[in-house]
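To start, the structure under review is shown below, and the notes come after it.
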Amino acid sequence: MLKKIAILTLTLLLLHGCTGKQLISEKNQESALITIKTPKMKYSDMGFIYKKSDLVKVEIYSMGQPLVSIDINALNICMSLFKCMEKKDFNANVLHSSYPDTLLENIFQGNAIFEKRGITQNSNGFTQNIKKEDLYDITYSVISSERIFRDKINKILIKVKPQ
């Protein structure tokens with residue numbers, strides 16, 4: 001009897017652990033080659049992007065094992081390697097302090113950044129060129145779902161190539 005209860009409990013725990021990602025519908029999941037290169041971190045491998053109205057979750061894998069996880073919610077950004085930080089603090093520590101708080105989530109969602117400043121629409125998406133002397137020199141493009149963010153001054157590259 002005790003053995004049956006233990007097996008039932010273990011089965012329920014395993015099934016419960018598998019339900020979290022099912023809350024995000026398949027159309028809000030994306031498999032992609034994700035590259036993040038900043039002075040403080042460098043990752044480039046296959047991963048997944050999960051999107052909900054109030055959350056963006058990015059997982060990067062290496063040889064089938066989770067390498068890094070980034071959770072972006074309305075208030076902060078949590079990384080598996082860093083503690084949770086307010087978006088402004090994350091930008092200051094990992095990206096650049098002059099970036100808008102919503103920069104990272106907009107890139108992973110394929111949305112315009114910097115309130116659409118310097119945007120040029122084309123048939124497959126858009127490109128933005130944004131410069132502020134001695135602070136940043138950004139080229140950001142979303143072409144056929146591929147996103148490339150490059151800041152030449154701060155040596156930052158974020159690239160999402162859907163698979």
| field | Under the ring-ring contact (aromatic ring centres under 6.0 Å, His included) test, residues paired with Tyr136 that sit two or more places apart | value |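 Expected list: Phe114.
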
| message | Test side chain to side chain donor-acceptor pair (under 3.5 Å) on Asp151 and Tyr99; report intermediate values, then the result. | response | CA-CA 11 Å; Asp151 182 344; Tyr99 292 169; 2.3 Å; yes

Using a 4.5 Å cut-off on heavy atoms from C-beta on, say whether the side chain of [Y] contacts that of [X].
X      : Y      : answer
Leu135 : Glu133 : no
Ile153 : Asp134 : no
Leu95  : Leu103 : yes
Met46  : Ser31  : yes
Tyr43  : Ile34  : no
Val58  : Val160 : no
Asn76  : Cys78  : yes
Ile156 : Arg150 : no

Flag, side chain of [X] to backbone of [Y], donor-acceptor distance under 3.5 Å:
X      : Y      : result
Glu146 : Pro162 : no
Arg147 : Phe108 : yes
Asn106 : Thr102 : yes

| request: Could you check Ile36 against Ile70 for side-chain contact (heavy atoms from CB on, under 4.5 Å), going step by step and ending with a plain yes or no? | output: CA-CA 11 Å; Ile36 303 173; Ile70 304 169; 3.9 Å; yes

For [X] and [Y], work out which heavy atoms get closest and say how close.
X      : Y      : answer
Pro100 : Asn91  : O-ND2, 3.0 Å
Glu59  : Ser69  : CG-OG, 4.1 Å
Ile119 : Ala112 : CD1-CB, 4.1 Å
Phe126 : Ile143 : O-CD1, 3.8 Å
Tyr140 : Asn111 : OH-O, 2.9 Å
Lys87  : Asp101 : CD-O, 3.3 Å

Within a 6.0 Å radius of atom [atom1] on [X], are there more than 12 heavy atoms belonging to other residues, nucleotides or ligands?
X      : atom1 : result
Asn122 : CG    : yes
Lys42  : NZ    : yes
Gln163 : CD    : yes
Glu115 : CD    : no

| query | Quick one: do Leu104 and Leu33 end up in the same hydrophobic cluster if we chain Ile, Leu, Val, Met, Phe, Trp and Tyr together by side-chain heavy atoms under 4.5 Å apart? | reply |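 Not linked; separate clusters.
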
| message | When you group the ILVMFWY residues by side-chain heavy-atom contacts below 4.5 Å and let the links chain together, are Ile148 and Ile113 in the same group? | response |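 Hydrophobic grouping puts Ile113 apart from Ile148.
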
Atom pair [atom1] ([X]) and [atom2] ([Y]), whose distance is rounded to the nearest 0.5 Å:
X      : Y      : atom1 : atom2 : answer
Leu157 : Phe149 : CG    : CZ    : 9.5 Å
Ile49  : Lys51  : CD1   : NZ    : 6.0 Å
Ile72  : Met79  : CD1   : CE    : 10.0 Å
Gln109 : Glu30  : CD    : CD    : 10.5 Å
Thr120 : Asn129 : OG1   : CG    : 6.5 Å
Lys40  : Asn93  : NZ    : CG    : 5.0 Å

| Intermediate values then yes/no, side chain to side chain donor-acceptor pair (under 3.5 Å), Ser141 and Thr127 | CA-CA 4 Å; Ser141 63; Thr127 301; 5.0 Å; no

| query | When you look at Ile130 and Arg117, which way does the side-chain contact (heavy atoms from CB on, under 4.5 Å) test go after all the steps? | reply | CA-CA 7 Å; Ile130 307 162; Arg117 188 170 14 146; 4.0 Å; yes

| said: Which Ile, Leu, Val, Met, Phe, Trp or Tyr residues join Leu75 in one cluster when any pair of side-chain heavy atoms under 4.5 Å counts as a link? | reply: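 Besides Leu75, the hydrophobic cluster comprises nothing; the residue is isolated.
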
| request: Answer yes when Asp71 and Lys57 have at least one side-chain N-carboxylate O distance shorter than 4.0 Å, and no when they do not. | output: yes

| said: Which residues pass the salt bridge (Lys or Arg N to Asp or Glu O under 4.0 Å) test with Asp45, not counting sequence neighbours? | reply: none

